[in-house]
Number of protein chains: 2
Amino acid sequence: MSHILLVEDDSDIMRINRTFLENEGYTVHCADSVQTASFMLEECVPDLVLLDVMLPDGDGMDFCKILRQKTQAPVIFLTARDENDSVVMGFRSGGDDYITKPYDLNVLKARIEAQLRRNAKQSPQHPKIELPELTVDLFAGTATFDGNEYSLPQRELQILYMLASQIGSRISYHDIYKTIYGCDVEDSKNTIRVNISRLKKHLNMDDMSTYEIAATSDGEYVLRRVIF
Amino acid sequence: MSHILLVEDDSDIMRINRTFLENEGYTVHCADSVQTASFMLEECVPDLVLLDVMLPDGDGMDFCKILRQKTQAPVIFLTARDENDSVVMGFRSGGDDYITKPYDLNVLKARIEAQLRRNAKQSPQHPKIELPELTVDLFAGTATFDGNEYSLPQRELQILYMLASQIGSRISYHDIYKTIYGCDVEDSKNTIRVNISRLKKHLNMDDMSTYEIAATSDGEYVLRRVIF
DNA sequence: GAACAGAATTACGAAATTGTAATCACAGGG
DNA sequence: CCCTGTGATTACAATTTCGTAATTCTGTTC
């Protein structure tokens, strides 16, 4: 499932790691120098990088900085040194974990899994407005209203989003138009009015709904919670 | 410009405040009891509420709780009492500020302005992804890419948003399809492929762009920063 | 009640969107 | 050099979107 980029110049260690990780079900890409690793980045897209600190043509930490320009994939440093400043520098250059040789393969496995899990967790949660009986999801282009979900066209969604994000306060035609279209124009009233009308219909808004869109006398709209 | 709801049973104080505030350019709605204030809420939509704590038919704090169900408009309590627990209770019931009588009208003005300013500040800032040379704005339905702004249709925007929010990691056809359509289906590949193709064209993506959308051999896509 | 004004809704048609299917491009293997 | 499979692009058509304009609705004034 996951792709691991292994950067290691000791061929024995590389072979052992590679075999072990492939048996665990990972796809392993190997590189024995900074240069080949950089090259491989163009080809494979790793989910995680195992990176030896000492490499024949440069420092693993430098490579780590290059890597960070391309991906957020977690980096685990592998090293013989166990000095503190090396650890600190590793983390500072963007590393996520640090394992000192010699290490137990099951420890390696556990740390890899931990990093991958962590990365999977901060998965996509779209921005949403959530009010009681009313939610607006800009990513999905949907709104739930009084228990039902509706897929709304862009203009209506934008208006609902504006109203919902400032529930209870008045928003003028001009503000709405300006926010949506970037500029203002003579006949903004009609356009907004029509779209709000469409919005109400789409949401099946009526006297029984928990919210209403009220118009004030001087060209402003308000989304209000109706309380019986 | 702004509408202020003034709830005060002392007719002298009400008149003085009303006149002063109207001279300052506010639209003032008055109520002398909890009941009329509740009723006025249905009619006017205040941007700010000035609320006497002691009212003939109830406690201003109770009204404050009702109010909060309808609007986030700031509430400033007006009171003769200056005991601490009254202040605490006022804030607890949702009040934003507290002025003890007698007060200077210019102090009142300053506090009103402060509250309105505060409310205006937390104004709508849409969720965006911002990377160097690439931004995605779900609200506006637009993306900027290498300096140009493009208005994208929903499907393409959704895909770009997913890719951009996980730049550098592989996302499968299935994941994209499932996230966008909610369910998975047999022929998800083609649909996603076509939309990604359209997306590239819309963004004028070519070899010279700072990002590329690369496809892996096993049905996955990656958004990558191209480094020369 | 007539007349009117402004708001709300509906009608309409041009343009955009988008899933499906057809076509093109291209690499690997015979 | 021809197949063949796969990915990328293009073609197409049904549907949706959406601004404008027409119409209806509603409340107010005379």
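Below, chain A is the first sequence line, B the second, and so on; all start at residue 1. Everything quoted here is computed from the prediction, not taken from an experiment.
A ring-centre distance under 6.0 Å is not found for A:Y150 and A:F145. A ring-centre distance under 6.0 Å is found for B:Y177 and B:Y181.
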A:R15 and A:D12: CA distance, side-chain angles, deciding distance, salt bridge (Lys or Arg N to Asp or Glu O under 4.0 Å) verdict: CA-CA 5 Å; A:R15 190 172 32 76; A:D12 286 338; 3.2 Å; yes

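In this structure, B:Q158 atom CD and C:dG19 atom C1' are separated by 14 Å, rounded to whole Å. When rounded to the nearest whole Å, the span between CZ of B:R155 and P of C:dA16 equals 19 Å. The distance from atom CG of B:L199 to atom P of C:dT17 is 13 Å, rounded to the nearest whole Å.
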Per-nucleotide protein contact string for nucleotides 6-11 of chain C, where B marks a base within reach and S marks sugar-phosphate only (heavy atoms under 4.0 Å, - for neither): -SBBBB

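Nearest approach of A:G147 to A:E133, heavy atoms of both residues: N-OE1, 3.6 Å. The two atoms that bring B:V7 and B:S33 nearest to each other are CG1-O, 4.1 Å, heavy atoms only.
Extent of DNA chain D lying under 4.0 Å from chain A heavy atoms, first and last nucleotide in 5' to 3' order, is D:dT17 to D:dA21.
Among the atoms of the strands shown, none is found under 4.0 Å from any heavy atom of A:Y177.
Phosphate contact (OP1/OP2 of C:dT18, side-chain N/O of B:T191, threshold under 4.0 Å): absent.
In this structure, A:F139 and B:Y161 have tilted ring planes: the angle between them lies in the 30° to 60° band.
Evaluation of the salt bridge (charged side-chain N to carboxylate O under 4.0 Å, His left out) rule for A:E220 yields A:R170 as partners, not counting sequence neighbours.
Under the 4.5 Å side-chain criterion, counting only non-hydrogen atoms from C-beta, A:V136 is not in contact with A:K128.
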